[in-house]
Amino acid sequence: MLKLKPNCECCDKDLPSESAEARICTFECTFCATCAETVFGGVCPNCGGNLVARPIRPAAMLVKYPASTDRYLRDAPCGTRAAE
């Protein structure tokens, strides 16, 4: 099950579970559409995978499987790739 992170790891924009603006990679790194497209060019800066639209969990399933409340921010400045 996906961990629905509540914010963009770059700009800290709120990304509620129903947000169509959330983008994720296969490691569940989470970014807003603007950062994913304009800052990172659709490539995850942490793992190098592609960033795609995060699925929206149906409201009825959020009751049993709630979104995460833990906020994440990258250690590296936005616009740079993490050391590989």
Side-chain angles (χ1 to χ4, degrees):
M1 175 176 21
L2 290 174
K3 183 174 194 172
L4 302 178
K5 297 178 183 175
N7 65 303
C8 175
E9 295 179 36
C10 180
C11 71
D12 202 29
K13 177 180 181 176
D14 288 338
L15 296 171
S17 59
E18 71 278 3
S19 177
E21 295 294 312
R23 302 292 182 265
I24 62 169
C25 72
T26 61
F27 288 96
E28 300 172 347
C29 300
T30 304
F31 300 96
C32 68
T34 300
C35 289
E37 295 161 15
T38 62
V39 178
F40 302 119
V43 177
C44 179
N46 300 323
C47 71
N50 61 321
L51 293 167
V52 298
R54 181 178 72 189
I56 295 174
R57 187 168 296 157
M61 297 305 292
L62 281 170
V63 173
K64 187 172 182 179
Y65 304 103
S68 174
T69 58
D70 297 331
R71 297 181 79 85
Y72 294 82
L73 287 173
R74 296 183 75 236
D75 290 332
C78 279
T80 61
R81 291 184 56 87
E84 294 181 14

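Using a 4.5 Å cut-off on side-chain heavy atoms (C-beta onward), F31 and P45 make contact. The closest side-chain heavy-atom distance from L4 to T30 is not below 4.5 Å. At least one side-chain heavy atom of N46 sits less than 4.5 Å from a side-chain heavy atom of E9.
Between the side chains of D12 and N7, at least one donor-acceptor pair of N or O atoms lies under 3.5 Å.
For the side-chain contact (heavy atoms from CB on, under 4.5 Å) test, no residue two or more places apart in sequence or in another chain qualifies with T26. Remark: C10 pairs with C78 by the disulfide bond (SG atoms under 2.5 Å apart) rule, at least two apart or across chains.
Screening residues 34-51 for salt bridge (charged side-chain N to carboxylate O under 4.0 Å, His left out), with sequence neighbours left out, gives R23-E37. Each ring pair (Phe, Tyr, Trp, His ring centres under 6.0 Å) pair with one or both residues in residues 2-23, not counting sequence neighbours, would appear here, but there are none.
Y72 forms part of no hydrophobic cluster, judged by ILVMFWY side-chain heavy-atom separations under 4.5 Å.
One hydrophobic cluster, built from ILVMFWY side chains closer than 4.5 Å, cannot hold both M1 and L62; they sit in different ones.
With values rounded to the nearest 0.5 angstrom, C29 atom SG is found 10.0 Å from F40 atom CZ. Distance OG1/T34 to CD/E21: 6.0 Å, rounded to 0.5 Å. Put simply, CE on M61 and OG on S17 are 12.5 Å apart, with the number rounded to the nearest 0.5 Å.
Atom CG of D70 has more than 12 heavy atoms from other residues, nucleotides or ligands within 6.0 Å.
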Solution key, residues 47-58 side-chain donor-acceptor pairs under 3.5 Å, sequence neighbours excluded:
unit_1: R54; atom_1: NH1; unit_2: K5; atom_2: O; d: 2.8
unit_1: R54; atom_1: NH2; unit_2: L15; atom_2: O; d: 3.3
unit_1: R54; atom_1: NH2; unit_2: P16; atom_2: O; d: 2.9
unit_1: R57; atom_1: NH1; unit_2: Y65; atom_2: O; d: 2.9
unit_1: R57; atom_1: NH2; unit_2: L2; atom_2: O; d: 2.7

